[in-house]
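Since the structure comes first, as structure tokens, the remarks are kept for the end.
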Number of protein chains: 2
Amino acid sequence: MKKTKDENTEGQILDAAKSIFQTKGMDGARMQEIADKAGINKAMLHYYYRSKQLLFEAVFKNAFSLLAPQLNAILNDDSSIEDKIKNFTSNYISFIIKHPYLPNFIIQELNRNQDFILKLKDNKGFPNLEKFKKQVNDEVSKGHIKPISAEQLFINILALNIFPFVAKPLVMAFTNTDDKSYKQLMEDRKTEVSNFIINSIKKH
Amino acid sequence: MKKTKDENTEGQILDAAKSIFQTKGMDGARMQEIADKAGINKAMLHYYYRSKQLLFEAVFKNAFSLLAPQLNAILNDDSSIEDKIKNFTSNYISFIIKHPYLPNFIIQELNRNQDFILKLKDNKGFPNLEKFKKQVNDEVSKGHIKPISAEQLFINILALNIFPFVAKPLVMAFTNTDDKSYKQLMEDRKTEVSNFIINSIKKH
DNA sequence: ATATAGTTTAACCATTTGGTTAACAAATGT
DNA sequence: ACATTTGTTAACCAAATGGTTAAACTATAT
């Protein structure tokens, strides 16, 4: 029987690398620290992944492949705009509570290395706005929702959902909340945010 | 006559350090690169700022002291909620277009070093939500706007304004825009975002 | 049993990096 | 004019860091 990911060395390395890279970033991460966390010799990292860069890319692609399907849900699903917003908001916030470092990690590293995203864009499954655009334009011209471009609406949805996690320390300081009450604020947002968006675009 | 900031060495160092730290972060920045950018010997960095950590802190505090007044504008001004949102959105986006790396830098470094914000919180002039809370609660109970907590409204305002700059490479990839059309998208948001927020909270 | 291929380790290496030193140059005060 | 403080440089240093090597150990196949 094939060993499960967390008993074989390669998987242990990836898990440790995830944890270190996602909290410290490419530049802040140390190969020795990853090896220590995985409980193995540093040479093993190079045996399985050749270099820090390649290990990092493995972690990054893995992280991105978790995020992309969440976004495709809102872009390519067949439900109504209103349902999409409701579902996405609720699902997405649950998702991030499970992977708190993920959006920050992706954003930080994409800012550091602009070329990186070009590689990702070629992948099938990379989020594409076309269908969503058509849907938004349709609903606007039918008069179901107020005029708004699909791009701006999409940016707003992402912003309202992702930002509070990315800027957590900053927002916690401003709102004077501790970890526990911040978590509650985020729970509240599962419905708060979708209401906020829908209020804004629906006609009265 | 005292030399202006950009002719004296100390100021040149700070300028160079700003540019390097804000694009590469604490971990990615190299003292030699800062010295080269400032056009001086590396030993000068230590002569004026003692250590990388202290030089970094000088840059960080400087950056934060630019951001804080922008936020206080929305929190402590005497205008109506609607005016605040309009002005803040328009001003803030202009502000960031002038300092594109600033919000990302602050968020990234605060995530890296959680203790850091505690030092800032003690400073007078650190954004405080109390007055804004009172105003929002007032307008809600008077029935001028729909029920919403001041914290959630504040988070939403920050999110809609800051996020598109922080996550620029990601959003550019999703929306398939180049630098020029992204800049246009951001210009449009100066009014787009405030309409979006006001639509959402106003009563009909 | 024995050869073979895959896995793991300790020791090592070259380079990078933040920081220091000692000597030198330029102001500044007396 | 000269002494003292301030500013600047090149050379240097120790520690950290990504990566390599050669030997040892383990599993697998014949």
Side-chain angles (χ1 to χ4, degrees), chain A residues 1-63 105 108-109 112-113 115-116, chain B residues 1-63 105 108-109 112-113 115-116:
Chain A
M1 193 187 112
K2 211 177 172 183
K3 283 178 190 164
T4 68
K5 194 178 161 194
D6 53 303
E7 357 175 7
N8 76 8
T9 306
E10 196 172 341
Q12 277 173 275
I13 293 175
L14 198 64
D15 284 346
K18 250 185 234 176
S19 143
I20 302 291
F21 275 130
Q22 293 195 7
T23 48
K24 310 209 166 180
M26 170 68 171
D27 293 330
R30 295 291 159 249
M31 293 297 267
Q32 187 60 58
E33 199 181 357
I34 294 173
D36 290 347
K37 183 138 208 166
I40 47 111
N41 187 288
K42 181 163 68 85
M44 288 280 87
L45 303 183
H46 294 96
Y47 180 75
Y48 283 105
Y49 292 91
R50 291 242 324 267
S51 68
K52 186 185 185 186
Q53 179 63 26
L54 287 174
L55 177 55
F56 171 79
E57 287 180 21
V59 169
F60 188 88
K61 278 176 196 156
N62 191 295
F105 172 63
Q108 184 178 323
E109 297 303 327
R112 206 180 46 85
N113 185 352
D115 308 323
F116 219 63
Chain B
M1 192 187 113
K2 213 179 171 181
K3 284 179 189 164
T4 69
K5 192 179 159 192
D6 52 306
E7 341 173 21
N8 75 9
T9 306
E10 195 172 342
Q12 277 173 273
I13 293 175
L14 198 64
D15 284 346
K18 250 186 231 176
S19 144
I20 302 291
F21 276 131
Q22 292 194 10
T23 50
K24 310 208 165 180
M26 170 69 169
D27 293 330
R30 295 290 159 251
M31 294 297 268
Q32 187 60 58
E33 199 181 356
I34 294 173
D36 290 347
K37 182 137 208 164
I40 47 114
N41 188 288
K42 181 164 68 84
M44 289 280 86
L45 303 183
H46 293 95
Y47 181 75
Y48 284 105
Y49 293 92
R50 291 239 330 264
S51 68
K52 186 183 184 185
Q53 179 63 26
L54 288 174
L55 177 54
F56 172 79
E57 286 179 21
V59 169
F60 188 88
K61 277 176 198 156
N62 191 296
F105 171 64
Q108 186 179 322
E109 297 303 328
R112 206 180 47 83
N113 186 351
D115 308 324
F116 219 62

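For the numbers below, each heavy atom of this structure counts, side chains included, while hydrogens, waters and symmetry mates do not. To find a chain, count down the sequence lines: A is the first, B the second, and so on, and within it residues start at 1.
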(message) I'd like the 5' and 3' limits of the part of DNA chain D contacted by chain B, with heavy-atom contacts below 4.0 Å.
(response) dT6(D) to dA10(D)

Nearest-0.5 Å distance that lies between atom [atom1] in [X] and atom [atom2] in [Y]:
X        : Y        : atom1 : atom2 : result
Gln12(A) : Ile40(A) : CD    : CD1   : 7.5 Å
Thr9(A)  : Tyr48(A) : OG1   : OH    : 4.5 Å
Ile34(A) : Asp15(A) : CD1   : CG    : 12.0 Å
Tyr47(A) : Glu10(A) : OH    : CD    : 10.0 Å
Leu55(B) : Ile20(B) : CG    : CD1   : 10.5 Å

(message) It should be established whether Ser51(B) places a side-chain nitrogen or oxygen under 4.0 Å from OP1 or OP2 of nucleotide dG18(C).
(response) no

(request) Scan residues 25-45 of chain B for pairs that pass ring-ring contact (aromatic ring centres under 6.0 Å, His included), counting only residues two or more places apart or in two chains. (result) none

(message) Please list all pairs meeting ring-ring contact (aromatic ring centres under 6.0 Å, His included) that have one or both residues in residues 22-46 of chain B, counting only residues at least two apart or in different chains.
(response) none

(request) Using five base pairs at each end, measure the axis-to-axis angle across the helix from dA1(C)-dT30(D) to dT30(C)-dA1(D) and round it to 10 degrees. (result) 0°

(message) Restricting to side-chain contact (heavy atoms from CB on, under 4.5 Å), what partner residues turn up for Glu109(B), sequence neighbours left out?
(response) Met26(B), Phe56(B), Phe60(B), Phe105(B), Arg112(B)

(request) Output all residues satisfying side-chain contact (heavy atoms from CB on, under 4.5 Å) with Ser51(B), sequence neighbours left out; order by chain, then residue number. (result) Gln53(B), Leu54(B)

(request) Scan residues 50-63 of chain B for pairs that pass salt bridge (charged side-chain N to carboxylate O under 4.0 Å, His left out), counting only residues two or more places apart or in two chains. (result) Glu57(B)-Lys119(B)

(request) Give the minimum heavy-atom separation between Gln22(B) and Val59(B), together with the two atoms involved. (result) NE2-CG1, 4.4 Å

(message) Just to be sure I understand the geometry, which residues of residues 21-33 of chain B put a non-hydrogen atom under 4.0 Å away from DNA chain D?
(response) none

(request) Specify the residues of residues 35-49 of chain A, ordered by number, for which at least one heavy atom lies under 4.0 angstrom from an atom of DNA chain D. (result) Lys42(A), Ala43(A), His46(A)

(message) Under the side-chain hydrogen bond (donor to acceptor under 3.5 Å, both in side chains) definition, can you give me all pairs with a residue in residues 24-43 of chain B, not counting sequence neighbours?
(response) Ser19(B)-Lys37(B), Lys24(B)-Glu33(B), Gln32(B)-Asp36(B)

